[in-house]
Trainee: 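Below: one structure in structure tokens.
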Amino acid sequence: MNYLLIIIGAVLVLWGADRLTDGATSLAHRMNIPQIVIGLTVVAMGTSMPEFFVSLMSAVKGTSDMAVGNIIGSNLFNTLMIVGISALVAPMIISRSTVRKDIPFALVASIALLAFCLDGEVSRFDAFLLFVGFLIFIAYTVRMGIKGETTLADDVKIENMNPWKAAGLIILGLLCLVGGSHIFVEGSTAVARSWGVSDAVIGLTIVALGTSLPELATSVVAARKGRSAIAIGNVIGSNVFNILMIIGITGIVLPMDIHSITTVDLIALLGSMLLLWMFSYTKFKVERWEGALLTTLYVGYIGWLVYNVL
């Protein structure tokens, strides 16, 4: 039953995020907000909604390790697995904007999270600083987008719909996100405890994989169309959103005590970003062998988690 709850919760969260994004995008378009701004804000944040609601519900239910583990695990999956597999299929071209802005932002965000977690908690002040960083990132990204210096919003498709329908989709999406994340966290927590696994490990693995599905789907579709710059831009942008927005807002609402997130997990997060930046900076490309290395490192990290559990 708990495994079924995890599946039902994940489906509701992913479907709800899609409906919320559709409704919000349509309303923003009707308010004459430029398409580039919609793509860089509403759509980008839409793919991070599953992580946000699952982490928020986890913190509210007293499983802060799962909340933070979800973000660290999602970012590791994004950086190592999604980019790695995509590069194995075809070498990924990296835009200069991603190399010079998005990846450094993700690096700084990862360093900040590591520093804040070393004392065993993310306080409201820590979370506030992260959220300020998120606002700076959004302002800078929108400014660069308006100047045409980013590719993140090139594939935004906006459906013209009745305002009431758009509002209804937003409400429906929010209800599914709240309800689905509640069910997902309940099921994941029960499974973790039945297997004697910590909340942190379940957050780093099952929960992280479940909430990263939108990024995986978006990146695979973009890569298949030969638009790898958008694929990797969405992944890195999501990493920044996950740390600065999700941990920021969640920590402001409820300070989080961290017990089972290890230094190895935090160093793996920072190391994955450094490695991707190094690969991207050389030729603005991630080659197949580099993708194979990224994928192997993720498999090795998961193996290390399983070994420590057993």
Side-chain angles (χ1 to χ4, degrees), residues 2 5-6 9-10 13 45 48-78 106 109-134 177-212 238-270 301-302 304-305 308-309:
N2 288 320
L5 287 178
I6 291 175
V13 165
M45 282 187 279
S48 292
M49 282 296 102
E51 286 92 341
F52 173 62
F53 276 90
V54 169
S55 289
L56 182 61
M57 291 299 293
S58 297
V60 168
K61 290 177 175 294
T63 54
S64 297
D65 282 331
M66 186 179 292
V68 178
N70 174 33
I71 299 306
I72 295 174
S74 293
N75 282 16
L76 282 169
F77 184 82
N78 288 348
S110 300
I111 293 170
L113 181 61
L114 187 153
F116 292 155
C117 288
L118 287 178
D119 61 354
E121 72 166 337
V122 176
S123 65
R124 276 199 172 92
F125 181 69
D126 295 338
F128 175 75
L129 291 179
L130 291 175
F131 189 67
V132 169
F134 167 70
L177 281 165
V178 173
S181 59
H182 172 78
I183 294 171
F184 190 79
V185 171
E186 285 289 329
S188 300
T189 304
V191 168
R193 288 171 182 165
S194 68
W195 282 86
V197 179
S198 69
D199 292 333
V201 171
I202 207 76
L204 287 163
T205 53
I206 296 175
V207 177
L209 176 60
T211 56
S212 292
S238 173
N239 283 7
V240 176
F241 275 55
N242 287 348
I243 295 175
L244 299 183
M245 182 188 78
I246 297 174
I247 297 293
I249 294 177
T250 302
I252 290 172
V253 172
L254 191 72
M256 294 177 284
D257 291 323
I258 302 165
H259 304 291
S260 302
I261 299 295
T262 68
T263 305
V264 173
D265 301 320
L266 294 165
I267 291 176
L269 173 66
L270 182 58
Y301 171 74
I302 294 299
W304 179 83
L305 288 177
N308 279 274
V309 169

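Remember, predicted model here, so these are calculated numbers, not experimental data. FYI, the numbering just counts along the sequence from 1.
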Trainee: Ignoring hydrogens and angles, state whether a donor on the side chain of Asn70 or Ser74 is under 3.5 Å from an acceptor on the partner side chain.
Mentor: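 Yes - a donor-acceptor pair under 3.5 Å links their side chains.
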Trainee: What's the shortest heavy-atom distance between Gly73 and Ala208, and which atoms?
Mentor: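 For Gly73 and Ala208, the tightest heavy-atom pair comes out as C-CB, 3.3 Å.
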Trainee: Is the side chain of Asp65 donor-acceptor paired with the backbone N or O of Ser260 at a distance under 3.5 Å, no angle test?
Mentor: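 Yes: the side chain of Asp65 pairs with the backbone of Ser260.
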Trainee: Holding to salt bridge (charged side-chain N to carboxylate O under 4.0 Å, His left out), I want the full list of residues that pass it with Glu121, two or more places apart in sequence or in another chain.
Mentor: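 Not a single residue meets the salt bridge (charged side-chain N to carboxylate O under 4.0 Å, His left out) criterion with Glu121.
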Trainee: Give me the atom names and distance for the closest heavy-atom approach of Leu130 to Ala112.
Mentor: CD2-CB, 4.0 Å
Trainee: Are any non-hydrogen side-chain atoms of Leu113 and Ile72 less than 4.5 angstrom apart?
Mentor: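 Yes, close enough: below the 4.5 Å cut-off.
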Trainee: At their closest point, which heavy atom of Ser55 faces which heavy atom of Ile246, and how far apart are they?
Mentor: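 Shortest heavy-atom contact: CB-CG2, 3.8 Å.
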Trainee: Within this structure, what is the CG-SG distance for the pair Leu266 and Cys117, rounded to the nearest 0.5 Å?
Mentor: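 Going from the CG atom of Leu266 to the SG atom of Cys117 covers 5.0 Å.
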Trainee: Closest approach of Ala268 and Leu76, non-hydrogen atoms and distance?
Mentor: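 In this case the closest contact between Ala268 and Leu76 is O-CD2, 3.4 Å.
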Trainee: Which heavy atom in Ser110 sits nearest to a heavy atom in Leu270, and how many Å separate them?
Mentor: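 For Ser110 versus Leu270, the nearest heavy atoms are CB-CD1, 4.1 Å.
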Trainee: Going through the checks in order, is the side chain to side chain contact (heavy atoms under 4.5 Å, CB included) test met by Val68 and Asp265?
Mentor: CA-CA 11 Å; Val68 178; Asp265 301 320; over 6 Å; no
Trainee: Quick one: ring-ring contact (aromatic ring centres under 6.0 Å, His included) partners of Phe134, sequence neighbours excluded?
Mentor: Phe131, Phe241
Trainee: Report the residue from Leu244, Asn78, Leu269, Ile71 that forms a side-chain contact (heavy atoms from CB on, under 4.5 Å) with Asn239.
Mentor: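 That would be Asn78; it is the only one of Leu244, Asn78, Leu269, Ile71 passing the side-chain contact (heavy atoms from CB on, under 4.5 Å) with Asn239.
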